[in-house]
Amino acid sequence: MDKTYNPQNIESDIYKKWDDQGYFKPSGQGQSYSIVIPPPNVTGSLHMGHAFQQTIMDALIRYKRMDGYNTLWQVGTDHAGIATQMVVERQLEAQNLSRKDLGRDKFIDKIWDWKNHSGGTITGQMRRLGNSVDWQRERFTMDKGLSDAVMEVFVTLYEQDLIYRGKRLVNWDPKFHTAISDLEVENKDKKGHLWHLRYPLEEGVTTLDGKDYIVVATTRPETMLGDTGIAVNPNDERYQHLIGKHVVLPLVNRRIPILADDHADMEKGTGCVKITPAHDFNDYEVGKRHQLPMVSVLDANAQILATAEVYTFTGEPSDAYSGELPSEYAGMDRFVARKAIVAQFEAMGMLDKIADNDMTIPYGDRSGVVIEPMLTDQWYVRVAPLAEVATKAVEDGEIKFVPKQYENMYFSWMRDIQDWCISRQLWWGHRIPAWYDQSGKVYVGRDEAEVRQKHGLGEDVKLSQDDDVLDTWFSSALWTFSTMGWPEQTDDLKTFHPTDVLVTGFDIIFFWVARMIMMTMHFLKDENGKPQVPFKTVYVTGLIRDENGDKMSKSKGNVIDPLDMIDGIDLETLLNKRTGNMMQPKIAEGIKKRTAKEFPDGIEPHGTDALRFTLTALASTGRDINWDMKRLEGYRNFCNKLWNASRYVLMNTEEQDCGLGGGELELSLADKWILGQFEQTVKAFRDAMDNYRFDMAAQTIYEFTWNQFCDWYLELTKPVLFKGNEAQQRGTRHTLVNVLESLLRLMHPLMPFITETIWQRVAPLKGVKGDSIMVQPFPQFDQNKVDGDAMSDLEWVKQFILAVRNIRGEMDIAPSKPLSVLLRNVGETDLRRLQENKTFLSGLAKLEQIDVLTDDQSAPMSATGLVGEMEVLIPMAGLIDKDAELARIQKALDKVTGDLQRVAGKLSNEKFVSKAPEAVIAKERDKQAELESAKAKLEKQKADIESL
RNA sequence: GGAAGUAUAGCUCAGUUGGGAGAGCAUCGCCCUUACAAGGCGAGGGUCACUGGUUCGAGCCCAGUUACUUCCACCA
């Protein structure tokens, strides 16, 4: 083995071997355990968040697989409608082409090309992370099977009247020319203005103060072209007499009513609100209440129409108004029109005033442009009935969220859930299975033939399919069961559904988790006809942020590619990667600066195992993670530590008698101790994993490996291996191999590559046959292997050694300098432990002589340490400075005195003694006795030295 | 406006029925001791955000305050 851990050398071939051997497939044996991966965007690449979640999933799956479960980790990718279409459109743009130039079919072909070309990126990354997913079951949301499932669900919901089509006000994205759901809208706080506009009253009507106009306040003057009413509060005395009267809408000369509605707030603006049902969600509701016509004045680009479209309040075309608009605004962008219209009002002397206004503006989360409420025909899922069942499942504990507080978030959203707009005016996605005849009548079916047959439509009836596609999340909502072959009743569904745990980020609880629960429970039933949940537990991870706690994003240039953590990257390549496609050179410059400052020498390779271990160790519940390179380095060092510890074990065991041949085995105290320690580690690790406390699982392993196994046990084996007799050596070699082999199995779920590599060499020494660690049994806790006496005896040995080391350290005595020690106040147990462990003591504390003082023997002037009641004396002559030792004693004395004061204070408090539990009081008494004894000894030592 | 989360060592964070304030990194001292300098040994460092309450006892429970973060809603 190399002297230094070198991850590149070991990771490359291992994954392929595992996959080739079929170890990732379900074993077909044992209780089933399944996880579906949240499907990443097929054309995307993995970021740290993916690596984080997938590491957790893989750790769980490997743990359960080794523990005898029939495990399935279902893998696949998502077609990610908008995101993917956007990328390909941008490529076309570079060639001065638009998707319309290509036409629908050709454009979709192009996307498939791109998918086939770039689709391997993400799966390649997943392989590098060591994910033990079953690649043979890999699915894509637009596969035939999954598309059939989508179709089936759509048609069924339509037949159940849970899907409907209607002209509603939707969030329109003027850049992508599509409707988006409420969830895809991102609200941002902006400074804006409130324009006060004068609307003339109809003839013969005046305000209370005699004006022939009223003033409305609006943040969106350009939509006034679509006003169909003015609302005032029914209790507003200023305007009572105007209710039922009309104003004449400036610029378009439309006569529109003044009406009473609670929506109008007397405190806000002027108390008069213009109502534009076709371009504002509140106004839409007001319009419906008062049956106002809706006048749509914007086109798909959010530019002013030449002629407005007029609808009744139910969305039917209407001739209530002419639709005629001032020609000068036609084709004008909404924001340009805003200025123009304000200017026009001003010119007419009808602009009352402009006030500053803090407001929240809706943006498309993908496009980044301001969303426009628009009247369009869209498809909706009526979610209320589905939500009811889905809410109950969480209330009843059928589905548990970890951490639990996310259940509140889920409930609050589900409680007033809005119908889900599922149609998108995109080309990339599942086309809506609806056809229209020439009169516009809609028919829904699995395909055109079915529609014709079902509705008796002959060949003479021309049908055209709906142009729209479904929201990406519609197909992802079916993921747990569509990937397992539904609507067929497959064995996989029987075996692996419901899945056990879903590992995902809180940001998609509404987008995905909630909708999965709704859809799955509606379509899947268990053998008793009871709705089946998609998963029993939702483990919600935090977000991985950059070192400053900022969200990682391409535009900020702080994204970290997990592969760069694994393989390393030089600065120049990293800079190019982060700024490669930047449009704005200014931003790129800033990113370059920050990146160069953060990684002046690029990034060193750390290996997959170090990355995985870091992510695991950081996975404490309900908290975002600020990425810290230092942590990664630390855990890379941990890998190196394990590597070198293993080298030590192999050096001392390979080609030597480890007891396989059956010779006599004598276990040392250290052997017994480490075996017991290991058992306790197994218990702690399993508990942590079973409770999704991955941070604690990692911590447990780290602590055992470094602080127990390496720092103590390996050192304790040296005296035996170098000086022990044959049976002792055999016993220790046996234990070394035994513990290391078991430890590797324990660590494997977190660090698959390094453990496999080392295991291949260690397993034969233990007589274990098997091709791979990943299909070996997972360690089980066995209380019988914990030897209580050995644990306390070795604790004494450690205390002894620490006492000597402390004096060495504080007195700057070189570790290489052999020392003689005297022991005073040696009890019976001390004496036994001393006799049994002299080699350990002299070996680890580097002692050349240990003598026990009898009561009548006096000691030379010494530095002293305490091991319980026993005193360890190191004669000072020629070694130790008097003042230094006095200072050291004083420090110890101060600490003991302080502790003692606290304990004594407690015990002298009558209330404590009378009210605290017996056990607590006893513990304090013991502590007091110990401290008093220690204090007395320290004081005597101090006096002795002072008297010198 | 409603709700949730967070606040502990210089930094990043653990601390699960209330009874010893901890880890890693960083810092300081000594050491190339035959697994490991990506190391070993030793040491220093905290008014647990603030105020009050419950309790014999509070980092932990309760009430309030402040700061930061997030989600939802509203915004003429």
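So you know, we letter chains A, B, ... as the sequences are listed, proteins then strands, and number each from 1. What's counted below: heavy atoms across the whole structure, side chains too, no hydrogens, waters or symmetry copies.
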Between A/Leu183 and A/Phe511, what is the shortest heavy-atom contact and its length?
O-CZ, 3.2 Å
Given atom CD of A/Gln418 and atom P of B/rC72, what is their separation to the nearest angstrom?
13 Å
What's the closest nucleotide to the A/Asp812 side chain, out of B/rG20, B/rG39, B/rG29?
B/rG29
Would you call the rings of A/Tyr410 and A/Phe401 parallel, tilted or perpendicular if under 30° counts as parallel and over 60° as perpendicular?
tilted
By nearest nucleotide on RNA chain B, pick out whichever of A/Asp358 and A/Asn408 is the more 5' one.
A/Asn408
Base, sugar-phosphate or nothing for A/Tyr5? Non-hydrogen atoms, less than 4.0 Å.
base
So what does A/Thr270 hit on the nucleic acid, given a heavy-atom distance under 4.0 Å: a base, only sugar-phosphate, or nothing?
nothing
Whole-Å gap separating P (B/rC36) and CG (A/Leu642):
15 Å
Side-chain N or O of A/Trp706 closer than 4.0 Å to phosphate OP1/OP2 of B/rG40
yes
Under 3.5 Å, which donor-acceptor pairs do the side chains of residues 259-271 of chain A form with other protein atoms, sequence neighbours left out?
unit_1, atom_1, unit_2, atom_2, d
A/Asp261, OD1, A/His263, N, 2.8
A/Asp261, OD1, A/Arg289, NH2, 3.0
A/Asp261, OD2, A/Arg289, NE, 3.1
A/Asp261, OD2, A/His290, NE2, 2.6
A/Asp265, OD1, A/Glu267, N, 2.8
A/Thr270, OG1, A/Val215, O, 2.5
A/Thr270, OG1, A/Cys272, N, 3.2

With sequence neighbours excluded, what pairs up with A/Asp358 under the side chain to side chain donor-acceptor pair (under 3.5 Å) test?
A/Lys191
Whole angstroms only, please: what is the CD-P distance between A/Gln699 and B/rC25?
11 Å
With sequence neighbours excluded, what pairs up with A/Lys718 under the side chain to side chain donor-acceptor pair (under 3.5 Å) test?
A/Glu715
Stem ranges of RNA chain B by first residue number, counting only runs of at least 3 Watson-Crick or G-U pairs under 3.5 Å, come to B:1-7 with B:66-72, B:10-13 with B:22-25, B:27-31 with B:39-43, B:49-53 with B:61-65
Nearest whole Å is fine: how far is B/rG20 P from A/Arg925 CZ?
16 Å
When rounded to whole Å, the CZ to P distance for the pair A/Arg415 and B/rG2 reads 16 Å
Those residues at least two apart in sequence (or on a different chain) that pass side-chain contact (heavy atoms from CB on, under 4.5 Å) with A/Glu930 are none
Mind listing the N/O atom pairs, protein and nucleotides 32-35 of chain B, below 3.5 Å?
unit_1, atom_1, unit_2, atom_2, d
B/rA35, OP1, A/Lys718, NZ, 3.3
B/rA35, O2', A/Asn644, OD1, 2.8
B/rA35, O2', A/Arg647, NH1, 2.8
B/rA35, N6, A/Cys710, O, 3.3
B/rA35, N6, A/Glu715, OE2, 3.1
B/rA35, N3, A/Asn644, O, 3.3
B/rA35, N3, A/Ala645, N, 3.3

Enumerate donor-acceptor pairs with a distance under 3.5 Å from any side-chain N or O in residues 696-704 of chain A to protein atoms, sequence neighbours excluded.
unit_1, atom_1, unit_2, atom_2, d
A/Thr700, OG1, A/Met696, O, 2.6
A/Glu703, OE2, A/Gln708, NE2, 3.2

Would you list the protein and nucleotides 43-48 of chain B atom pairs, both N or O, that sit under 3.5 Å from each other?
unit_1, atom_1, unit_2, atom_2, d
B/rA43, OP1, A/Asn806, ND2, 3.0

At 4.0 Å (heavy atoms only), tell me whether A/His263 reaches a base, stays on the sugar-phosphate, or touches nothing.
base
If you restrict it to nitrogen or oxygen atoms, what contacts under 3.5 Å exist between nucleotides 11-19 of chain B and the protein, and what is each distance?
unit_1, atom_1, unit_2, atom_2, d
B/rA14, OP1, A/Ser620, OG, 2.6
B/rA14, OP2, A/Arg623, NH1, 2.5
B/rA14, O3', A/Arg693, NH2, 3.4
B/rG15, OP1, A/Arg693, NH1, 3.0
B/rG15, OP1, A/Arg693, NH2, 3.1

Can you sort out the partners of A/Thr755 under side chain to side chain donor-acceptor pair (under 3.5 Å), two or more places apart, ordered by chain and number?
A/His748
Taking CD from A/Gln928 and C1' from B/rG20, how many angstroms apart are they, rounded to a whole number?
16 Å
Quick one: which residue pairs count as a salt bridge (Lys or Arg N to Asp or Glu O under 4.0 Å) with a foot in residues 603-616 of chain A, not counting sequence neighbours?
A/Asp58-A/Arg612, A/Glu604-A/Arg636
Mind checking A/Arg888 for me? I need base, sugar-phosphate or nothing, with any heavy atom below 4.0 Å counting as a touch.
nothing
Could you check how far CD1 of A/Ile508 sits from C1' of B/rU70, rounded to whole Å?
16 Å
Applying side-chain contact (heavy atoms from CB on, under 4.5 Å), can you list everything that pairs with A/Lys915, at least two apart in sequence or on another chain?
none
